[in-house]
Amino acid sequence: MSLLGKLSLQAIPHDPITLGGAVSMVVGVIGIMAALTYFKKWKWLWREWLTSVDPKKIGVMYIAVATVMLLRGIGDALLMRGQQAVSVGASHGYLNSDHFQQIFSAHGTIMIFFVAMGFMFGLINLIVPLQIGNRDVAFPFLNAASFWLFASGMVLINLSLMVGEFSAAGWLAYPPLSELKYSPGVGVDYWIWALQIGGVGSLLSGVNFLVTILKMRAPGMTLMKMPVFLWSVLGAMVLVIFAFPILTATLALLFLDRSLGMHFFTSDFGGNPMMYVNLIWAWGHPEVYILILPAFGIFSEVVPTFSRKRLFGYTSMVWAIWAIVFLSFIVWLHHFFTMGAGADVNAFFGIMTMIISIPTGVKVFNWLFTMYRGRISFTTPMLWFLGFVCTFTIGGMAGVLMALPPADFQLHNSLFLVAHFHTMIVGGVLFGYFAGVSYWFPKVFGFKLNEPLGKIAFWFWTIGFAVAFIPLYILGLMGATRRLDHYDASMGWQWLFIIAAVGVALVFVGISFQILQLIVSIVQRKHNLDTTGDAWGGRTLEWATTSPPPLYNFAVIPEVHERDAFWEMKHSKTAAKKPIYEDIEMPKNTPLAMYIAACAFIFGFATIWHILWLAVLGLLGVITCIIIRVSDDNTEYVITAAELQKMDEAAKA
């Protein structure tokens, strides 16, 4: 084997579409670097962002990465739907079958792991420390390392555009298709290591935020006085801690199959492909709820704020979250009722699947009861909630239908399933995070987003989403299967695929309006400043500090007496106490988190291409950086009481 393993000039793509994507990425990166050089912002970028351990800045970087990947994901969706609209009969479209399957696999992987997870951890970083009334997370350095590992996985998946190929085995890479015999290239290995590196980052974040919520709440904030968003994050982080080790082990076993000739999931020598399917969905179904629980928490903040009412049924909301957490681990088999497990097993998992819809229904009814007789403001965050109710209800009914094994036997692996999954993830998860971004944007940046443009984006998204996926429900009932890149004209499907492609184009227009909304909002920020720190008349502690929050969040840690802590503070008749300032410790910036992730990236890339010496160097780099960090006792600095008072008074002036 050569010094560069399997890597050669043949790894550079020659397909014009792939090459065009790679060139556009390179041009974009060069353009950003040129702009940073021209405006002399490299030192600023390094000091303020790349080495930061401030969860607010880490949260912004998560959302920035997720936004970039959303653009890549919608680009993949446009390519797929365009191909399906024109590849019929004698026409075979503009994508060959292998390239279509790579795009299909990349789209699912990107949207789940690097869009939805990115928005989720971004908002958690931004809001959780503020809502618990504290200055930071439990482990600031670990938090930075989590983000940079996530970013490394993102870079690795995009690098497959420029060097090599991506997996064509679907976004969950079922064996035997993902085994070496049927996928001999490096595509599946790119998939494995992008998810492995990013998944470790997610697991570390799960531990970090679990400890943060349980151990760092403000004085007086008992568990039953926490905002529902904190409860939803707590439930999601418990799921992360239990589910992601399953993913880590499963990916490791698949890699051993591919690299060392093991037979964990092969069809021979004692292996069992169905074991992989069980393991991947034992992680995969909790993953759905990992994503959607924080979105539920966001709606539980948005609806009371814009209804001017206290949240209805707080206790039942909390119990519903934990019912979902528990039940999410005993429904995974409904993803493969057709495996032949038997009537008893299928019946159990079908019943559990229907039961898990009950706590979700409880939450929806509680939000609607909160709105009842409220003074509702139809702001952009509230519109995203209403869009969620409509789309999620449709997806939920489809899910209950598919929970019936006889129905699932007919609809399994059809486009009906694709439509259901997207209705839950886009209508539930993405709409929730869009509501959260627009709701908390003035808190994070100090000015509101442009409301008219936000509402236009919402309508394009919602209408486009319906136009894109209602045809897929119909196509699924007509027998159209997933991953189709070509079909016969006699099937009569083309007009529905054309409508679906138009829907995706409308969604793209919606994303374009969101980008325009951000640009216009930045240009007009002086007209939409949040000078009060309480842009919407909020109820929870994040609104108790200035917008944007200072480095230390709270000069004096607040005391909590009621569930809606800030609402109670605003309307309390007792005089506010004069603040007593004390010295505080804050974590120092460090580049080591980024170095660890860079070395992990090198290790992953080298392992993909079988460059043994480079893989060893990358692994040694990770270990060395960790040793340097744990040996360093000088990781914090002190803001004295006098400095803190001066900074606090200046911020409030």
Side-chain angles (χ1 to χ4, degrees), residues 5-6 11 80 95-110 112-113 156-157 160 164-196 199 243 245-285 287 332-342 345-346 349 405 408-409 411-415 417-418 421 479-486 604 607-610:
K6 297 194 296 182
M80 286 190 294
L95 298 172
N96 62 50
S97 294
D98 186 64
H99 192 189
F100 182 90
Q101 299 306 326
Q102 288 185 46
I103 292 172
F104 171 89
S105 305
H107 173 76
T109 305
I110 285 168
I112 294 295
F113 288 93
L156 202 56
I157 203 172
S160 66
E165 61 185 1
F166 194 65
S167 170
W171 76 278
L172 286 181
Y174 282 9
L177 186 57
S178 58
E179 293 284 354
L180 195 61
K181 181 178 179 181
Y182 299 102
S183 296
V186 296
V188 174
D189 298 314
Y190 265 115
W191 179 85
I192 289 171
W193 286 104
L195 267 58
Q196 195 72 288
I246 301 174
L247 176 66
T248 301
T250 307
L251 295 176
L253 294 177
L254 180 60
F255 181 72
L256 290 174
D257 271 11
R258 291 179 55 82
S259 60
L260 297 181
M262 301 293 186
H263 295 282
F264 294 106
F265 307 128
T266 59
S267 299
D268 49 12
F269 294 100
N272 187 351
M274 282 312 307
M275 181 58 69
Y276 178 93
V277 179
N278 271 283
L279 287 172
I280 204 71
W281 281 116
W283 158 81
H285 203 85
E287 166 68 2
W332 82 86
L333 196 128
H334 72 214
H335 290 275
F336 44 99
F337 277 144
T338 55
M339 70 177 277
V345 173
N346 283 357
F349 282 92
D408 187 77
F409 268 72
L411 299 171
H412 185 79
N413 208 37
S414 74
L415 288 178
L417 170 65
V418 173
F421 185 74
T481 59
R482 306 163 71 190
R483 310 182 192 181
L484 276 178
D485 65 283
H486 182 75
T607 306
I608 290 166
W609 289 100
H610 296 192

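For clarity, every value in this text was computed on a predicted model and none was experimentally measured.
Using a 4.5 Å heavy-atom cutoff, the side chains of Ile608 and Leu156 are in contact. A 4.5 Å side-chain heavy-atom check between Leu254 and Glu179 finds at least one atom pair inside the cut-off. Two residues are said to be in side-chain contact when any heavy atoms from C-beta on lie closer than 4.5 Å; Ile103 and Leu95 meet this criterion. Residues Phe104 and Arg482 meet the side-chain proximity criterion, which asks for heavy atoms closer than 4.5 Å. Asp189 places a side-chain heavy atom less than 4.5 Å from the side chain of Phe255. Annotation: side chain of Trp609 is in contact with side chain of Tyr190 (closest heavy-atom distance under 4.5 Å).
Contact record, Ser105 with Gly170: OG-N, 2.8 Å, taken as the closest heavy-atom pair. Smallest separation of non-hydrogen atoms from Leu177 and Ala168: CD2-O, 4.0 Å. The two residues Val186 and Gly164 make their nearest non-hydrogen contact at CG2-CA, 4.2 Å.
Heavy-atom contacts from other residues, nucleotides or ligands closer than 6.0 Å to CE of Met275 number 12 or fewer. No more than 12 heavy-atom neighbours from other residues, nucleotides or ligands sit within 6.0 angstrom of OH on Tyr182.
Take Thr481 and apply the side-chain contact (heavy atoms from CB on, under 4.5 Å) test, not counting sequence neighbours, and it matches Leu484. Not counting sequence neighbours, the partners of His107 by the side-chain contact (heavy atoms from CB on, under 4.5 Å) test are Asp76, Ala77, Met80, Met111, His422. Taking Tyr174 as the reference, Leu172, Tyr276, Val277, Ile280, Trp281 meet the side-chain contact (heavy atoms from CB on, under 4.5 Å) condition, with sequence neighbours excluded.
Formation of a donor-acceptor pair under 3.5 Å by the Arg258 side chain with backbone atoms of Ser183 is found in this model. In terms of modelled atom types and a separation under 3.5 Å, the side chain of Asp257 and the main chain of Phe265 share a donor-acceptor contact. Within the 3.5 Å criterion, the main-chain N or O of Gly261 finds a donor-acceptor partner in the side chain of His263. Remark: the backbone N or O of Ala169 is not paired with any side-chain donor or acceptor of Gln101 at under 3.5 angstrom.
Between Phe113 and Trp283, the ring planes lie parallel to each other; the angle is under 30°, not in the 30° to 60° tilted range.
Counting only N and O atoms by type, the side chains of Trp191 and Thr109 include a donor and acceptor under 3.5 Å apart.
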